[in-house]
J.: 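First the structure, which I've put down as structure tokens, then a few questions once you've had a look.
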Protein chains: 2
Amino acid sequence: MARYQVGIRTEARILEAARELLGEFGLDATTLKAICDRAEVRVGSFYNLFDSKETVVLRVVAEAIAAVDPDPAHLGTETLNDLVEAYIAFFTNESIVARIYVQIAVSGALNNGELHHRIERHHEQRVDRFRAALQRGNPALSVENATERTEILLATLNGLAFRAALNADFDFARHARATAIEARSPAVRRPT
Amino acid sequence: MARYQVGIRTEARILEAARELLGEFGLDATTLKAICDRAEVRVGSFYNLFDSKETVVLRVVAEAIAAVDPDPAHLGTETLNDLVEAYIAFFTNESIVARIYVQIAVSGALNNGELHHRIERHHEQRVDRFRAALQRGNPALSVENATERTEILLATLNGLAFRAALNADFDFARHARATAIEARSPAVRRPT
DNA sequence: TCCGATTTTGATTGTACACTCTAATTTGAG
DNA sequence: CTCAAATTAGAGTGTACAATCAAAATCGGA
């Protein structure tokens, strides 16, 4: 299936249109028609290049996440701080796309089994990367302890992001950084 | 608008049907037709009693949340533990309804301004109740400190709930209780 | 220039959904 | 029993959407 240049450019235009619409107006407003209108393409051309609307949406979301990856090559050199900052960057710069991610995770999960697994796997990979980075900066931690701590940290970050999605005034970055510091330098219980 | 008994019973049947469908199959599967079929009511009767489908859904969700309220009369006697346990009960027993709450918060928030404010207000009231309970059990805490701590605690609980929604095996209750203990008895930073 | 492969078009299909409207029926207070 | 008000029925409206298809146009290697 040797591609023609025209088709490749059209594909790029469609992706760009989807990226812009999703990032600006959210999932519900990004209809197939809206994408095609902005890309100046007719519906038929869209389906000549993509299997479905879902394909495009998932690709845009995946690319937005990948764009802030502090270690795209997976060299294992990232610090916990890098990962947290990447997380903050994603939710700060791409808040609507981030919301779409949650939207897909929450609404699609019950119905669409394949999608559910993709998101589940994605989250587990994230736990793993965060845990590894935490242990790198803190070799004394056991795997169990580090995993536990990572689960809590990520839960808090997700919760804070959700909070920020509800209230734009909420200082997501500050809370996120404070939480991350807490997770990095282990606290001890005050004797009671 | 003096009600007839028949209408009151029909209203109850519709609410019950919506409750069952939402709790079992989620928001997307709970169509107007599905509600009417289960309630054995025709569409026209539905709209004689309710303004919209949204009305019914929001009422079911609100009632599910109210059902686990440890202090429905707002006497101010609830402990932080009570509140956390209520939260755990809601997400454990009514996991699908809880998911619907998130679904509404995330997808509706951008479009529907009125709904957005309701959910925002609900969250702020929750922060307030949690903070008050925390201070009651820990009078030494300043309002600022308690608020901060509460924001983090609630964010973590929400994040853990989200995690549990993705992976049914995740031990939500254990993590939630552990986090709450942490929040209750302030930890101090280990000197570095 | 030729010609098969790719791309484009846009009318059309199909579907799912919330919601409306009017006429018929039922209720229950007086 | 009467009758106005409440309730019910259910066909019908309107809309928004993703996706299909066959024919026309275009591409680009040989």
J.: Does A:Y4 contact C:dT6 through a side-chain donor or acceptor facing the base, at a distance under 3.5 Å?
T.: no
J.: I want to confirm an ordering. Mapping B:V6 and A:I8 to their closest nucleotides on DNA chain C, which one lands closer to the 5' end?
T.: A:I8
J.: Figure out the CG/P separation between A:N48 and D:dA24, and round it to whole Å.
T.: 18 Å
J.: Which is more 5' along DNA chain C, the nucleotide nearest A:G7 or the one nearest B:K53? Just name the residue.
T.: A:G7
J.: Begin from the C-alpha positions of A:R59 and A:E11 and carry the test salt bridge (Lys or Arg N to Asp or Glu O under 4.0 Å) through to its verdict.
T.: CA-CA 12 Å; A:R59 222 168 110 176; A:E11 191 179 321; 3.7 Å; yes
J.: Once salt bridge (Lys or Arg N to Asp or Glu O under 4.0 Å) is applied, do any residues pair with B:R129, and if so which ones, sequence neighbours excluded?
T.: B:D69, B:E78
J.: Test of understanding: with salt bridge (Lys or Arg N to Asp or Glu O under 4.0 Å), list the residues that count as partners of B:D37, not counting sequence neighbours.
T.: B:K33
J.: Check the distance between C:dA18's C1' and B:D51's CG and give it to me in whole angstrom.
T.: 13 Å
J.: Atom CZ of B:F46 to atom P of D:dA6: distance rounded to whole Å?
T.: 20 Å
J.: Please pick, from C:dC19, D:dT20, D:dT7, the nucleotide with the shortest atom-to-atom distance to any side-chain atom of A:Y47.
T.: D:dT20
J.: Can you find a side chain N or O atom of B:S45 that sits less than 4.0 Å from OP1 or OP2 on D:dA9?
T.: yes
J.: In whole angstrom, what separates B:L32's CG from D:dT13's C1'?
T.: 15 Å
J.: Can you name the residues that form a salt bridge (Lys or Arg N to Asp or Glu O under 4.0 Å) with A:E54, not counting sequence neighbours?
T.: none
J.: Can you list the residues that meet the ring pair (Phe, Tyr, Trp, His ring centres under 6.0 Å) rule with A:F162, with sequence neighbours excluded?
T.: none
J.: Would you tell me if any nitrogen or oxygen in the side chain of B:R3 comes within less than 4.0 Å of OP1 or OP2 on D:dT7?
T.: yes
J.: Quickly work out the B:L49 CG to D:dA6 P distance and round it to whole Å.
T.: 12 Å
J.: Rounding to an integer number of Å, can you tell me how far B:L27 CG sits from C:dA18 C1'?
T.: 13 Å
J.: Just how far, in rounded Å, is C1' of C:dA5 from CD of A:Q5?
T.: 15 Å
J.: Return each pair, listed once, that meets salt bridge (Lys or Arg N to Asp or Glu O under 4.0 Å) where at least one residue sits in residues 38-47 of chain A; pairs must be two or more places apart or across chains.
T.: A:E20-A:R38
J.: So if I take residues 36-44 of chain A and measure heavy-atom distances to DNA chain D, which residues fall below 4.0 Å?
T.: A:V43, A:G44
J.: Tell me, with the steps shown, if B:H123 and A:F170 meet ring pair (Phe, Tyr, Trp, His ring centres under 6.0 Å).
T.: CA-CA 12 Å; B:H123 187 84; A:F170 187 75; 8.2 Å; no
J.: Would you say A:T10 reaches C:dT8's phosphate, i.e. side-chain N/O to OP1/OP2 under 4.0 Å?
T.: yes
J.: Just how far, in rounded Å, is C1' of D:dT8 from CZ of B:F50?
T.: 15 Å
